[in-house]
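Worth saying up front: this structure is predicted, and the values here are computed from it rather than measured. The figures here come from the full heavy-atom set of this structure, side chains too, leaving out hydrogens, waters and symmetry mates. Residue numbers start at 1 and run along the sequence shown.
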Amino acid sequence: MQHQGPVWPGPGPQPPTWPAPPPAPKPARGPRPDDVKLSVQLWIFVILASVVSSVATAVASRGSDALREEFAAMQRGEGTLAKINREQYKTFEQFDASVFLFALVAVAFGVIVVGLLVFFLWRGQGWSRVVLQFVAAFVLVQGVLGFFSGEGEIAVPAILAAIAVVGAMITANSRDALEYFNPGSIAGARR
């Protein structure tokens, strides 16, 4: 009896499927759909509007009564952390400048992270679409908080970002976009 291919090393008869057939090749990714392009454009607008809103929030809180109360409470506080803060921030101006600088650094870090996620969305990485949905929830909460802030320079960009992020998520989850993110998936078969 002639054997074709490798010999089964195990006991008993050779299984009919050994060796296993090679895996089916992954389907090629098609051209980038318009929905993905629109989603990326909306995300860029969301980033810009959120930056404007966040910087406006940082500027509006600079020297505010709430920040002064926080500084006074920190000066009166007990414990190791309060002692360290009293030594580090001897005046309100130092505390105010530190809070403002931290807010600007946090905004810059957020822009870099979300910008990278949008880049991966553009490249067709499905995981970035999922992570951006969590970011979208944060943007929606910021839009609601901005609406109730009573400050126009904070509220308007936050609300516009919240509206745009809804559109970005709708377009990123369309049938064409899902097929682009996961070629050969069930999304393309439903047409």
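Distance check: Gln88 CD to Ser98 OG gives 6.5 Å after rounding to the nearest 0.5 Å. Taking OG of Ser39 as the start and OH of Tyr180 as the end, the distance is 11.5 Å to the nearest 0.5 Å. Here the CD1-CG distance, from Ile159 to Leu140, works out to 12.0 Å after rounding to the nearest 0.5 Å. If you take CG on Leu121 and CH2 on Trp127, they are separated by 10.0 Å, rounding to the nearest 0.5 Å.
Of all the heavy atoms in Leu160 and Phe45, the pair that sits closest is O-CE2, 3.8 Å. Annotation for Ala177 and Ala172: closest pair CB-O, 3.5 Å, computed over non-hydrogen atoms. The shortest heavy-atom contact between Ala60 and Ser64 is O-CB, 4.2 Å. Taking both residues in full, the closest heavy atoms of Asp35 and Ser174 are given as OD2-OG, 2.5 Å, listed atom of the first, atom of the second, then distance. For the residue pair Ser61 and Leu67, the shortest heavy atom distance occurs at O-CD2, 3.6 Å. Between Ser149 and Gly146, the shortest heavy-atom contact is OG-O, 2.8 Å.
Considering Phe100, Phe102, Phe71 as possible partners of Phe95, the one that fulfils the ring pair (Phe, Tyr, Trp, His ring centres under 6.0 Å) test is Phe71.
A continuous path of ILVMFWY side-chain contacts below 4.5 Å connects Val46 to Ile170, so both sit in one hydrophobic cluster. A single hydrophobic cluster is seen to contain both Leu48 and Leu104, as judged by linkage of ILVMFWY side chains at heavy-atom distances under 4.5 Å, directly or through other members. A chain of hydrophobic side-chain contacts below 4.5 Å, direct or via other Ile, Leu, Val, Met, Phe, Trp or Tyr residues, connects Phe119 to Ile44. Both Phe109 and Val55 are assigned to one and the same hydrophobic cluster, defined by single-linkage of ILVMFWY side chains at heavy-atom distances under 4.5 Å. Follow the hydrophobic side-chain contacts under 4.5 Å out from Ile47 and you reach Val113 in the same cluster.
Arg32 places a side-chain N or O within donor-acceptor distance of the main-chain N or O of Trp122, the cut-off being under 3.5 Å. A donor-acceptor pair under 3.5 Å is absent between the side-chain atoms of Ser53 and the main chain of Ser50, judged by distance alone. Here the side chain of Ser54 pairs no donor or acceptor atom with the backbone of Val51 at under 3.5 angstrom.
Contact annotation: the side chain of Glu179 never approaches that of Arg175 to less than 4.5 Å [non-hydrogen atoms, C-beta and beyond]. The side-chain heavy atoms of Thr171 and Asp34, taken from C-beta on, include no pair separated by under 4.5 Å. For the pair Leu42/Val165, no side-chain contact is recorded, criterion being any heavy-atom separation below 4.5 Å from C-beta on. In this structure the side chain of Leu178 never reaches within 4.5 angstrom of the side chain of Asn182, judged on heavy atoms. Between Glu70 and Val99 the shortest side-chain heavy-atom distance does not fall below 4.5 Å. Under the 4.5 Å side-chain criterion, counting only non-hydrogen atoms from C-beta, Met169 is in contact with Leu132.
Within 6.0 Å of CZ on Arg62 lie more than 12 heavy atoms contributed by other residues, nucleotides or ligands.
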Tell me, with the steps shown, if Trp43 and Leu117 meet side chain to side chain contact (heavy atoms under 4.5 Å, CB included). CA-CA 10 Å; Trp43 268 111; Leu117 289 171; over 6 Å; no
Side chain to side chain contact (heavy atoms under 4.5 Å, CB included) evaluation trace for Glu153 with Val59: CA-CA 10 Å; Glu153 59 273 1; Val59 169; over 6 Å; no
